[in-house]
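Numbers here simply count residues along the sequence, with the first being 1. This is a predicted model, so every value here is computed, not measured.
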Amino acid sequence: RMRQVAKPDEQLLEKLNIDTRYVYVKSPASRECSECFPETYVDEWGTRFRKSGYYYEPIEFPLQKANLAQIRAYQVPDPHLPERFRGLEEEVLYLHEKTKYAIVAGFTRPLFEQAWFLRGFEQFLQDIVLDFEIAEALLEKVLEFNIQVSSHFLKLAGKYIDIALIVSDFGTQDGM
């Protein structure tokens, strides 16, 4: 997933006395170099993103016009791909044995955000109000994916994790 999330430099974290270190599930489509940011790309879920200033915004939604049967038949990405967990055990073990930092695990996709990335923001909000069965089916798919990824992550490195980071965006600038 090319979301351009910055990974702070270790020297900066130490200078600021940051006492946590984050480990994340990797995306099979993640890029390893800073020059690898095309104008558009399609993520593993089928959503097309376009670079807009400093960020990528979703512009095409694979399930925007799907009915309930099509949503139920939609195949989510494989949550157990080895690429997602590449180097995870080694990274967590190193942090546990060689550092004093609390280890924060990030292994889930935001439910609300991933659902509207598949359906489109306006359409997903309409689904919540007008056809909740569609919204619920979509959220269940994302939740099941998250459960599978989380379970795999925790089997590999759970005994060393101090904090589990579960995020989603349910608010606006001034409230829920």
Side-chain angles (χ1 to χ4, degrees), residues 1-7 22-86 88 104-155 161 163-176:
R1 179 169 129 162
M2 287 184 4
R3 301 300 304 275
Q4 290 183 275
V5 176
K7 182 175 181 181
Y22 288 74
V23 290
Y24 295 101
V25 168
K26 295 165 183 60
S27 170
S30 66
R31 305 277 180 165
E32 297 297 329
C33 69
S34 60
E35 296 86 31
C36 296
F37 297 109
E39 289 303 310
T40 67
Y41 76 95
V42 177
D43 74 2
E44 66 177 322
W45 293 72
T47 302
R48 179 172 297 283
F49 291 82
R50 178 180 58 218
K51 193 170 187 181
S52 175
Y54 294 111
Y55 306 100
Y56 283 92
E57 297 178 3
I59 58 170
E60 292 176 16
F61 314 96
L63 299 176
Q64 187 166 29
K65 298 195 184 306
N67 61 34
L68 181 59
Q70 291 167 320
I71 288 173
R72 286 186 173 148
Y74 174 76
Q75 293 296 308
V76 301
D78 181 354
H80 300 287
L81 283 176
E83 295 170 62
R84 291 189 201 290
F85 309 99
R86 182 181 58 245
L88 174 68
V104 182
F107 43 65
T108 61
R109 301 191 65 93
L111 292 175
F112 178 75
E113 183 181 57
Q114 185 59 53
W116 80 257
F117 280 3
L118 291 168
R119 194 84 167 128
F121 190 72
E122 184 177 331
Q123 183 60 57
F124 186 65
L125 291 179
Q126 288 178 24
D127 293 338
I128 290 170
V129 174
L130 303 174
D131 196 344
F132 191 72
E133 198 171 6
I134 283 180
E136 184 176 46
L138 198 51
L139 288 167
E140 284 177 4
K141 286 211 171 263
V142 178
L143 177 62
E144 182 57 33
F145 175 86
N146 282 347
I147 289 169
Q148 293 297 315
V149 169
S150 301
S151 296
H152 194 107
F153 187 109
L154 292 172
K155 283 179 189 169
I161 301 302
I163 302 165
L165 178 65
I166 300 172
V167 298
S168 205
D169 192 355
F170 294 109
T172 66
Q173 276 68 15
D174 54 8
M176 287 293 284

Under a 4.5 Å cut-off applied to non-hydrogen side-chain atoms, are Val25 and Phe85 in contact? yes
Partner of Phe107 under ring-ring contact (aromatic ring centres under 6.0 Å, His included), picked from Tyr22, Phe153, Tyr24, is Phe153
Which pairs with one or both residues in residues 126-139 pass side-chain hydrogen bond (donor to acceptor under 3.5 Å, both in side chains), sequence neighbours excluded? Arg72-Glu133, Arg119-Asp127, Glu122-Gln126, Gln123-Asp127
Test side chain to side chain contact (heavy atoms under 4.5 Å, CB included) applied to Phe112 and Phe121, step by step: CA-CA 10 Å; Phe112 178 75; Phe121 190 72; 3.7 Å; yes
Mind checking whether Pro62 and Trp45 have side chains closer than 4.5 Å, heavy atoms only? no
Return the minimal non-hydrogen interatomic distance between Leu118 and Leu138, and the atom names on each side. CD1-CD1, 3.8 Å
Could you give me the CA-CA distance, side-chain angles and deciding distance for Tyr41 and Tyr56, then say whether ring-ring contact (aromatic ring centres under 6.0 Å, His included) is met? CA-CA 9 Å; Tyr41 76 95; Tyr56 283 92; 5.2 Å; yes
For Leu139 against Ala115, the heavy-atom pair lying closest together: CD2-CB, 3.9 Å
Heavy-atom side-chain contact between Val23 and Ile161 under 4.5 Å: yes
Are the side chains of Leu111 and Leu143 in touch, meaning some heavy atoms are under 4.5 Å apart? yes
Looking only at heavy atoms, what is the nearest atom pair of Phe117 and Phe61, with distance? O-CD2, 3.1 Å
Check the orientation of His80 and His152. Use parallel for under 30°, tilted for 30 to 60°, and perpendicular for over 60°. tilted
Non-hydrogen atoms of Asp78 and Arg84 that approach each other most closely: O-NH2, 2.8 Å
So which heavy atom on Lys141 is nearest to which on Ile71, and how close? CE-O, 2.8 Å
